[in-house]
Asker: 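I have a structure here, written as structure tokens, and I will follow up with some questions on it.
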Amino acid sequence: KAGVTQTPRYLIKTRGQQVTLSCSPISGHRSVSWYQQTPGQGLQFLFEYFSETQRNKGNFPGRFSGRQFSNSRSEMNVSTLELGDSALYLCASRQGQGQPQHFGDGTRLSIL
Amino acid sequence: AQTVTQSQPEMSVQEAETVTLSCTYDTSESDYYLFWYKQPPSRQMILVIRQEAYKQQNATENRFSVNFQKAAKSFSLKISDSQLGDAAMYFCAYRRGRNAGGTSYGKLTFGQGTILTVHP
């Protein structure tokens with residue numbers, strides 16, 4: 001079974017631009033969550049989607065948004081990029097309530 | 001809010017030896033899960049082991065085992081017969097269970113991580 005797939009692996013943007021990251025979960029997994037990883041703040045939860053509905057959201061500004069499609073694939077969008085948005089963005093999927101999250105390789109976003 | 005603390009920023013071990021990574025957490029809930037994830041330089045977060053709070057028995061996965069002390073809110077990871085491939089950043093993580101109520105049961109709360117170096 002293929003793992004969680006995130007695209008692209010690397011992205012370079014400039015301040016003020018917007019960006020969309022993509023995540024394809026493991027087949028059969030309906031829950032997708034997103035995390036931001038930085039050296040200073042560590043791993044922080046962004047949001048979780050289940051059956052196209054946002055179930056939970058972390059403490060991030062409204063510039064961070066996401067959505068999930070009927071095939072469980074998810075996208076995350078960040079608008080008006082700031083230097084502090086430079087991070088590794090990780091996506092994880094899980095099969096059910098008691099199951100662990102499985103992570104993708106992440107997208108490394110650099111803001112110039 | 002739940003918090004997870006890893007008090008060891010770095011640890012090192014000789015190949016074939018045993019090392020224990022510490023993790024403590026704070027929660028008022030009784031239904032939750034605990035995880036250890038490993039993140040090598042390749043950056044993919046890999047699940048090492050998980051523990052369900054209602055299970056008394058400590059989880060074991062091959063060379064990896066945990067010491068789960070629920071009353072003390074402690075969840076340490078023991079790596080036996082350490083191998084060079086075990087070198088990575090290790091994260092302890094907490095996730096509330098569905099029976100804890102609310103909708104945040106999918107959220108993982110991570111500790112700060114412990115960098116493990118394995119010496120040949």
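Quick note on labels: first sequence line is chain A, next is B, and so on, each numbered from 1.
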Asker: Would B/Q112 and A/Q41 count as a side chain to side chain contact (heavy atoms under 4.5 Å, CB included) if you check the C-alpha gap in whole Å, the side-chain angles of each, and the deciding distance to 0.1 Å?
Answerer: CA-CA 8 Å; B/Q112 305 92 317; A/Q41 299 298 317; over 6 Å; no

Asker: Step through the shown structure and confirm whether more than 12 heavy atoms of other residues, nucleotides or ligands are within 6.0 Å of CG on A/N71.
Answerer: yes

Asker: Is it the case that B/R43 places NZ or CZ above or below the six-membered ring of A/Y10, under 6.0 angstrom from the centre and within 45 degrees of the axis?
Answerer: yes

Asker: For the atom pair CZ (A/F45) and CG (B/L108), what is the distance rounded to the nearest 0.5 Å?
Answerer: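 A/F45 atom CZ to B/L108 atom CG measures 8.5 Å (nearest 0.5 Å).
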
Asker: Does anything in residues 47-56 of chain B get under 4.5 Å of chain A by heavy atoms, and if so which residues?
Answerer: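 B/L47, B/R50 fall under the 4.5 Å cut-off.
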
Asker: Flag yes if B/F75 and B/Y33 sit in one hydrophobic cluster, no otherwise; membership is Ile, Leu, Val, Met, Phe, Trp, Tyr, and two members link when side-chain heavy atoms are under 4.5 Å apart.
Answerer: no

Asker: Tell me whether the count of non-hydrogen atoms from other residues, nucleotides or ligands lying under 6.0 Å of CZ in B/R63 goes above 12.
Answerer: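 Buried by this count: over 12 neighbours within 6.0 Å.
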
Asker: Are B/V66 and B/M89 linked, directly or through other ILVMFWY residues, by side chains that come within less than 4.5 angstrom of each other?
Answerer: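 No; tracing contacts between hydrophobic side chains, which count when under 4.5 Å, never links both residues.
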
Asker: Show the nearest heavy-atom pair for residues B/K107 and A/N56, with the distance to one decimal.
Answerer: CB-ND2, 3.7 Å

Asker: Is there a path of hydrophobic side-chain contacts, each under 4.5 Å between heavy atoms of I/L/V/M/F/W/Y residues, joining B/L77 to A/L43?
Answerer: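 A/L43 and B/L77: separate clusters.
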
Asker: Check whether more than 12 heavy atoms from other residues, nucleotides or ligands sit under 6.0 Å from atom NZ of B/K73, and answer yes or no.
Answerer: yes

Asker: Treating Ile, Leu, Val, Met, Phe, Trp and Tyr as nodes and any side-chain heavy-atom pair under 4.5 angstrom as an edge, say whether A/V4 and A/L46 lie in one connected cluster.
Answerer: no

Asker: Would you tell me whether B/R95 and A/Q101 have side-chain atoms, one donor and one acceptor, within less than 3.5 Å of each other?
Answerer: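 Judged by distance alone, the side chains do pair up.
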
Asker: With a 4.5 angstrom heavy-atom cut-off, is it the side chain or the backbone of A/Y35 that approaches chain B, or both, or neither?
Answerer: side chain

Asker: Of all heavy-atom pairs between A/L90 and B/M45, which one has the smallest distance, and what is that distance?
Answerer: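 Heavy atoms of A/L90 and B/M45 come nearest at CD1-CE, 3.9 Å.
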
Asker: Distance check, rounded to the nearest 0.5 Å: B/Q39 atom CD versus A/L88 atom CG?
Answerer: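 Nearest 0.5 Å value for the CD-CG distance: 6.5 Å.
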
Asker: Linking I/L/V/M/F/W/Y whenever their side-chain heavy atoms sit closer than 4.5 Å, directly or via other members, would B/W36 and B/L116 fall into one cluster?
Answerer: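 The answer is yes; both residues are in one hydrophobic cluster.
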
Asker: Need one label for A/Q54: side chain, backbone, both or neither, based on atoms under 4.5 Å from any heavy atom in chain B.
Answerer: neither

Asker: Measure distances from A/Q37 to the heavy atoms of chain B and classify the residue's part below 4.5 Å as side chain, backbone, both or neither.
Answerer: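 The side chain, not the backbone.
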
Asker: Evaluate the side-chain proximity of B/Q44 to A/Q6: yes if any heavy-atom separation is below 4.5 Å, no if none is.
Answerer: no

